[in-house]
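Reading through the structure tokens given below for one structure.
Numbered from 1 within each chain, the chains take letters A, B, ... in sequence-line order. Remember, it's a predicted structure, so these values are computed and weren't measured experimentally.
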Protein chains: 2
Amino acid sequence: MSSETPKRLLFRQFAAVAKAVAHEHRLELLEALAQGERNVELLANRTGMSVANTSQHLQQMRRAGLIESRREGKFTFYRLSGPAVLDLLAALTRIGERHVGEVDKIVRTYFLSRDELEPVSRSELLARMKDGDVLVIDVRPQDEFASGHLPNAINIPLEELEAQLATLDTKKEIVAYCRGAYCVLSFDMVERLRARGFKARRLEDGWPEWQAAGLPVDPFPSS
Amino acid sequence: MSSETPKRLLFRQFAAVAKAVAHEHRLELLEALAQGERNVELLANRTGMSVANTSQHLQQMRRAGLIESRREGKFTFYRLSGPAVLDLLAALTRIGERHVGEVDKIVRTYFLSRDELEPVSRSELLARMKDGDVLVIDVRPQDEFASGHLPNAINIPLEELEAQLATLDTKKEIVAYCRGAYCVLSFDMVERLRARGFKARRLEDGWPEWQAAGLPVDPFPSS
DNA sequence: ATATCAATCAATCAAATAATTGAATAGTGT
DNA sequence: ACACTATTCAATTATTTGATTGATTGATAT
């Protein structure tokens, strides 16, 4: 069997793309980039990696076509190369979720099980937002909230919950969301809110998916 | 930064799933499995790998939740664990296709460029099949054809084209398909048919995608 | 029982990948 | 020109991963 059939060559390319996502740290970088464009240093800080290490992982993903970069002055900004990258991540988590027992075990060990958190679907949330009887909380850090969020969502990172508790409308049901289906910030948020007597649920996934679905966003997209 | 946050643990699991697809040979195995359930030896022959090697790759994918196995007598049959695996492969090829220039270059080096092959969409083919003015050729090996194919398709593996040429209706337009968007058998088939004066085009993707889309199939699904 | 066959396991060696370090670029502000 | 900052590059080392070989398990048939 010749190893140089066109088919082999093609599979080698596709495998290279897969290799580029096949690392803990790179997945974390992609999750961060799914929130919006970011520079190297910020990504390094957010993921706890060294700058050099972060830079190398980013370049690897760029070579594979997962992300693109843009230079602005001293900074290099990276961003996802397109919506297919979100599809890739979604498929990956769906497989993990459905077929890797370990995943469910981790979630259950650290949080209430997913069913108990009663996830809200995007369409259900959208409908209830129109009725105005729901309070949407974005649990991500401020900079991620700033680069885009659900309409009328308010930004409360976990560490600021205490300070903002008094300002929350106790009558409305709360829906919390963050980066994606397995961004644990919103798991945590829902638990804390419930512990304080609020009726709180989780959005089934996060900001990148909402945006990719073409649903209304804040601020209104400029380009 | 603790490396034992639940988030890290989750990403580690998802990375493990990605690692399991991140190999030339494993992608080839998945492509074969996307055609239907297969045993180890057949997969080894089809991919040109040793049986032991094939078995190890399969087990690795099983551990990652990509495939499942079933024992029947002496044989172990493997199959995809679910439709999310096809989504994963689709996302992978879409990224490769869009962002890795190499992919297009390979196709163009060995075949006519993709545009020249004028791919037919699934819905377009479906419509024309109803009108009855199109001849659908399945280019895959007999065993794959046997485990399922497009309605009224005829099976002509590449090496049998010569022998069957005379039996083809020269008036109808031909649409060829095989395993997927980058299964090169149908590229080849379309070129050969055109060289002989037939009007031939390629289906945009292959059997697994057709089936996953819930379109009508032959033989009628039993379960 | 024994032979046979499919698949897996275990041990080995070769190759690829990741993290770290310190040096090198390239763009900014003074 | 100079220092300063963000990022990248290059070299090293530790670790992981892949292919091969031959032995082993488990199921079937004679």
Among C:dA7, D:dT7, D:dT8, the nucleotide that comes nearest once only the side chain of B:Glu41 is considered: C:dA7

Short side-chain donor-acceptor distance under 3.5 Å, B:Asp138 and B:Tyr177: yes

Is there a side-chain contact between A:Lys19 and the phosphate of C:dT17, meaning an N or O under 4.0 Å from OP1 or OP2? yes

Give a yes/no answer on whether the side chain of A:His57 brings an N or O atom under 4.0 Å of OP1 or OP2 in C:dT17. no

Whether A:Arg71 contacts D:dA6 is assessed here as follows: a side-chain N or O lying under 4.0 Å from the phosphate OP1 or OP2. Is that the case? no

Of the nucleotides D:dG18, D:dG22, C:dA7, which has the atom closest to the B:Ala52 side chain? D:dG22

Does B:Glu144 come within less than 4.0 Å of B:Arg179, counting only side-chain N to carboxylate O? yes

Whole-Å distance separating the CD atom of A:Glu24 from the C1' atom of D:dT15: 14 Å

Let me know the distance between CZ of B:Phe75 and C1' of C:dC5, rounded to the nearest Å. 8 Å

The side chain of B:Gln59 is closest to which nucleotide in this list: C:dC9, C:dG22, C:dA7? C:dC9

Do you know which two heavy atoms are closest between A:Pro157 and A:Arg140, and how far apart they sit? CG-O, 3.7 Å

State whether the distance check finds a donor on one side and an acceptor on the other, under 3.5 Å, for side chain A:Gln56 versus base C:dT20. yes

Can you name the closest pair of heavy atoms from B:Asp87 and A:Arg94 and give their distance? OD2-NH1, 3.1 Å

Taking OP1 and OP2 of C:dT8, is either one under 4.0 Å from a side-chain nitrogen or oxygen of B:Tyr78? yes

In this structure, how many angstroms lie between the C1' atom of C:dA7 and the CZ atom of B:Arg70, rounded? 15 Å

Side-chain contact check for B:Lys74: nearest option of C:dT20, D:dA27, D:dT7 is D:dA27

Whole angstrom is fine here: how far is it from CG in A:Asn53 over to C1' in C:dT17? 12 Å

From D:dT8, C:dA6, D:dA19, pick the nucleotide closest to the side chain of B:His23? D:dA19

What integer distance in Å separates B:Glu28:CD from D:dA19:P? 12 Å

Are OP1 or OP2 of D:dT8 and a side-chain N or O of A:Ser55 less than 4.0 angstrom apart? yes

If I take atom CZ in residue A:Arg12 and atom P in nucleotide D:dG18, what distance separates them, rounded to the nearest angstrom? 15 Å

In whole angstrom, what separates B:Phe77's CZ from C:dC5's C1'? 14 Å

At less than 4.0 Å, is any side-chain N or O atom of A:Gln60 found next to OP1 or OP2 of C:dA18? Yes or no. yes

From CE of A:Met49 over to C1' of C:dT21, roughly how many Å is that when rounded to an integer? 17 Å

Strictly below 4.0 Å: does A:His25 bring a side-chain N or O up to OP1 or OP2 of C:dA19? yes

Please determine if A:Arg46 and A:Glu28 form a salt bridge, counting it only when a charged side-chain N lies under 4.0 Å from a carboxylate O. no

Assign each of B:Leu42 and A:Arg26 the nucleotide of DNA chain C bearing its closest heavy atom; nearer the 5' end lies the nucleotide of B:Leu42

Let's go through A:Phe14 and B:Tyr182 carefully: what are the C-alpha distance in whole Å and the side-chain angles of both, what is the deciding distance for ring pair (Phe, Tyr, Trp, His ring centres under 6.0 Å) to 0.1 Å, and is it a yes or a no? CA-CA 11 Å; A:Phe14 299 142; B:Tyr182 281 98; 5.5 Å; yes

5' priority, DNA chain C, between A:Gly73 and B:Thr76 [closest heavy atom]: B:Thr76

